Amino acid sequence: MGTNFDYLREKPEYNNFSKQAVEAERSLALSPATCAILSRRALELAVRFVYSVDADLVLPYQDNISSLIHEETFREIIEPRLFPMIRFVIRLGNVAVHTNSNISRDDAVVSLRNLYEFCDWIDYAYSRDYVEHTFDESLLPSSEKRREKAECQTALSGR
């Protein structure tokens with residue numbers, strides 16, 4: 001089954017973050033919290049990619065994700081609609097890691113969609129062969145499929 005991020009894997013320049021984005025999407029079936037954490041990780045790698053290829057960006061004194069996204073030159077180059085999306089991915093990932101809060105599937109899907117939008121912007125801004133893509137929720141794995149598979153395996157093993 002394909003993912004929304006597979007097109008990124010076809011471009012070697014995106015190797016640093018495309019694998020993590022695919023992993024984040026696939027983890028949705030396991031746990032929305034895991035998905036949120038891995039989406040944040042993929043986003044951070046994608047932001048670092050932008051800094052590595054865009055000579056106009058100024059690295060901030062601290063190179064944590066918050067400093068990187070709030071750096072003025074970064075804010076100037078991204079589409080304004082992306083900044084709240086980026087912040088959501090970071091915030092949800094942090095909540096998943098640092099608190100005992102329940103992360104809903106809906107929030108994890110929003111995080112994936114936001115990550116997707118940022119990755120699409122990267123492809124638009126830095127690729128020579130950009131092709132427009134659309135986030136497709138029907139590609140998202142569901143815990144139902146995982147549960148059915150586990151139940152089938154249990155039935156086959158005679159437990």
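Since the model is a prediction, treat every value here as computed from it, not as a measurement.
- For the atom pair CG (Leu92) and OG (Ser39), the distance works out to 8.0 Å, reported to the nearest 0.5 Å.
- Contact record, Arg105 with Ser142: NH1-CA, 4.1 Å, taken as the closest heavy-atom pair.
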Q: Would you check, one step at a time, whether the test side chain to side chain donor-acceptor pair (under 3.5 Å) holds for Asp136 with Ser138?
A: CA-CA 5 Å; Asp136 182 357; Ser138 72; 2.6 Å; yes
Using distance only, find each side-chain donor-acceptor pair of residues 44-52 under 3.5 Å and give its atom names and separation, not counting sequence neighbours.
unit_1 : atom_1 : unit_2 : atom_2 : d
Glu44  : OE1    : Arg40  : NH1    : 3.1
Glu44  : OE2    : Arg48  : NE     : 3.4
Glu44  : OE2    : Arg48  : NH2    : 3.0
Arg48  : NH1    : Asp63  : O      : 3.4
Arg48  : NH2    : Asp63  : O      : 2.6
Tyr51  : OH     : Leu68  : O      : 2.6
Ser52  : OG     : Phe49  : O      : 2.7

Q | Chi angles and distances behind the side chain to side chain contact (heavy atoms under 4.5 Å, CB included) call for Leu57, Asp54 | A | CA-CA 6 Å; Leu57 294 178; Asp54 196 319; 3.8 Å; yes
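- Here the closest non-hydrogen pair linking Pro141 and Arg26 is CG-O, 3.8 Å.
- More than 12 non-hydrogen atoms from other residues, nucleotides or ligands lie less than 6.0 angstrom from OH of Tyr130.
- Taking hydrophobic clusters as Ile, Leu, Val, Met, Phe, Trp and Tyr residues chained together by side-chain heavy-atom distances below 4.5 Å, Phe88 does not share a cluster with Phe17.
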Q: Please step through side chain to side chain contact (heavy atoms under 4.5 Å, CB included) for the pair Leu38 and Gln20, ending with a clear verdict.
A: CA-CA 7 Å; Leu38 295 178; Gln20 312 323 336; over 6 Å; no
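- For the pair Leu139/Glu25, a side-chain contact is recorded, criterion being any heavy-atom separation below 4.5 Å from C-beta on.
- Hydrophobic cluster membership is shared by Tyr14 and Phe118, with clusters built from Ile, Leu, Val, Met, Phe, Trp and Tyr side chains linked at under 4.5 angstrom.
- Tyr124 and Ile122 end up in different hydrophobic clusters when Ile, Leu, Val, Met, Phe, Trp and Tyr side chains are linked at under 4.5 Å.
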Q | Step-by-step side chain to side chain donor-acceptor pair (under 3.5 Å) determination, Lys11 to Ser127 | A | CA-CA 9 Å; Lys11 299 180 180 186; Ser127 175; 3.0 Å; yes
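- Taking 4.5 Å as the limit, some side-chain heavy atom of Asn64 sits within range of a side-chain heavy atom of Ser67.
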Q: I would like to know whether Leu8 and Asn15 meet side chain to side chain contact (heavy atoms under 4.5 Å, CB included); could you show each step before the answer?
A: CA-CA 8 Å; Leu8 294 173; Asn15 280 346; over 6 Å; no
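- Taken from CG in Leu112 to CD in Glu117, the straight-line distance is 12.0 Å, to the nearest 0.5 Å.
- The cationic group of Arg75 lies under 6.0 Å from the six-membered ring centre of Phe83 and within 45° of the ring axis, placing it in a cation-pi geometry.
- With contacts defined as side-chain heavy-atom distances shorter than 4.5 Å, the pair Met85/Arg113 does not qualify.
- Annotation: side chain of Ile86 is in contact with side chain of Ile78 (closest heavy-atom distance under 4.5 Å).
- A distance of 7.5 Å separates CG of Leu43 from CD1 of Ile69, quoted to the nearest 0.5 Å.
- Asp6 contributes a side-chain N or O that, together with a main-chain N or O of Thr3, makes up a donor-acceptor pair within less than 3.5 Å.
- In this structure, the side chains of Ile77 and Asp56 stay at 4.5 Å or more apart for every pair of heavy atoms.
- When all heavy atoms are compared, the tightest approach of Cys35 to Ala24 is SG-O, 3.4 Å.
- Interatomic distance, CZ of Phe74 versus CG of Leu59, reported as 11.5 Å (0.5 Å rounding).
- Hydrophobic clustering, with ILVMFWY side chains joined whenever heavy atoms are under 4.5 angstrom apart, keeps Phe135 apart from Val110.
- To the nearest 0.5 Å, the span separating CG on Asp120 from CD on Glu79 amounts to 8.5 Å.
- A donor-acceptor contact shorter than 3.5 Å links the side chain of Tyr116 to the backbone of Thr134.
- Looking at heavy atoms from C-beta onward, Leu115 lies in side-chain contact with Cys119 at the 4.5 angstrom threshold.
- No side-chain donor-acceptor contact under 3.5 Å links Tyr7 and Asp123.
- Between Ala33 and Ala96 the shortest heavy-atom distance is O-CB, 3.7 Å.
- We find the CD1-CZ distance between Ile65 and Arg87 to be 12.5 Å, quoted to the nearest 0.5 Å.
- In this structure, Glu72 places its CD atom where only 12 or fewer heavy-atom neighbours from other residues, nucleotides or ligands lie under 6.0 Å away.
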Q: Could you please spell out the steps behind the side chain to side chain contact (heavy atoms under 4.5 Å, CB included) verdict for Lys19 and Phe5?
A: CA-CA 8 Å; Lys19 291 176 189 174; Phe5 299 98; over 6 Å; no
